[in-house]
2 protein chains.
Amino acid sequence: MRASDKAYAALRDDIIEWRLLPGTVLAEVEQSERLGISRTPLREALSRLTAEGLTTAGGRGVVVTDISLDDIDELFELRETLEGKAAALAAERGDPETFERLRRELLHAPELIGGQEPALHDYYELVGRLDAAIDAAISNAYLVQAMRSLRVHLVRVRRLAADDAARLTAAAAEHAAIAEAIAAGNPRLAEAATTLHLHRSLSHVKATHTPH
Amino acid sequence: MRASDKAYAALRDDIIEWRLLPGTVLAEVEQSERLGISRTPLREALSRLTAEGLTTAGGRGVVVTDISLDDIDELFELRETLEGKAAALAAERGDPETFERLRRELLHAPELIGGQEPALHDYYELVGRLDAAIDAAISNAYLVQAMRSLRVHLVRVRRLAADDAARLTAAAAEHAAIAEAIAAGNPRLAEAATTLHLHRSLSHVKATHTPH
DNA sequence: CACAAGCGTTATGTATACAAAAAGTGGATT
DNA sequence: AATCCACTTTTTGTATACATAACGCTTGTG
């Protein structure tokens, strides 16, 4: 693994997990010493982070980007647009059997949610598989790329909300509905199910938001 | 101006203007010598280009990304989604007078198109002002950013099509319709006008596409 | 003759030294 | 006392030397 990759992954994780708070200045020497690498690969890592929008290069040095409540609204506005379209396209172009299988798995998800840590991990992995299946089905590299760059910020926001069992169970049902609509080949239904899910998800985040 | 900025601008221009064709390998020493800088700022420029999707870092060295006809379809699929939403949001949130003024200017655009080079430049600047006004009106940094990253690829595709006077005149009318819908505060109409414009634009590109 | 393995060449990845610019600090002047 | 200017210090930007890995070529063997 390259040093720049390592630095990128470490910094990205620190930002997403809120160990590096918004407004923190990432001085090059300081960070390169902390991560045990030289400034050159660190700078490349900072470039990538800035390109993703996790940091900004304005003024002196790079600074960890702020995410406020207003940003969350903007984030979900774009997310609804992109993922709604993605779900619709998946319904048009996807393989029904793939999503039918995912739907059945998602219906059994509540069993995983009740369980301990490892089972919970399985649940997140399952949701990830649904996202991946949608990405694969739409066969539009640009749309996939746009969603991917969004997800980075979303993971960051998610950390602000408490994912209780009740919300996860409801989310699983919503995901199952999306999978079902895609399997049925119904674009408008798939888009509607996605819109519904995202609105509920946003409401949950805002309701359980803990100010930093 | 920093050397890395200079290198970025130069390479970006070379790619967009098709002086560096898809598949071209951008060797670090070769390019740094050509641009008269050292490898360090060049690498940063290549990083930025790769983040934008103009180049890919796969295998050995960075390679100029290919844009095929299939890519154009994908590109416009995403563009329709994003710009449609943007137009709708602008209709909801924008200042009517701003877009009313733009609409009136666009109606006079055919006079510019008939003229010589400088007048044509004024036309492109006018369309740019409409885009900028929409960006400002939607007040959604994430959506603006997503559209901005798309526009880079679009400029590249545009260069494949011959922008004759007839098409530009029609495009001006389509833009005027978008501005009118936004000024009227009608989101659905604004989205529809955008969809229409983009479809016609795509048809024109594909019809006049000159294989490289 | 084909294929694989080892070596050499050439590319990228990393570290460090140097240059330049910007920000903070101290002192002097009004 | 406040402000402005110059200086110091710190931080980023650039160049270059070195390390490492990948690609291709040659050579030997099946």
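Below, all heavy atoms of this structure are taken into account, side chains as well, without hydrogens, waters or symmetry copies. Treat the numbers as computed from the prediction; the structure is a model and nothing was measured. The sequence lines fix the lettering, A, B, ..., with proteins before strands; numbering per chain opens at 1.
Rounded to a whole Å, the CD atom of Glu33(A) is 12 Å from the P atom of dT12(D). dT20(D) atom P lies 15 Å from atom NZ of Lys6(A), rounded to whole Å.
In terms of the side-chain contact (heavy atoms from CB on, under 4.5 Å) criterion, residue partners of Glu44(A) (sequence neighbours excluded) are, by chain and number, Ser4(A), Arg48(A), Arg43(B), Ser47(B).
Rounding to the nearest 0.5 Å gives a distance of 5.5 Å between CG of Leu35(A) and CG of Leu11(A). Separating the CG atom in Asp13(A) from the CH2 atom in Trp18(A) is a distance of 14.5 Å, to the nearest 0.5 Å.
A tilted orientation is assigned to the rings of His175(A) and His197(A), their planes being inclined by 30° to 60°.
A salt bridge is absent between Arg156(A) and Asp71(A); no separation between the charged side-chain nitrogens and carboxylate oxygens falls under 4.0 Å. One finds a salt bridge joining Arg104(B) and Glu100(B) here, because a Lys/Arg side-chain nitrogen approaches an Asp/Glu carboxylate oxygen to under 4.0 Å.
For Ser32(A) and Ser38(A), the side-chain atoms include no donor-acceptor pair closer than 3.5 Å.
Rounded to 10 degrees, the angle separating the terminal axes of the helix from dC1(C)-dG30(D) to dT30(C)-dA1(D) is 20°, with each axis obtained from five end pairs.
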For this session: Heavy atoms under 4.0 Å is the rule here; annotate nucleotides 11-25 of chain C 5' to 3' with B where the base is hit, S where only the sugar-phosphate is, and - elsewhere.
Result: -BBBBBB-----SS-
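With Glu52(A) as the partner, the salt bridge (Lys or Arg N to Asp or Glu O under 4.0 Å) test is satisfied by one option alone out of Arg148(A), Arg12(A), Arg151(A): Arg12(A).
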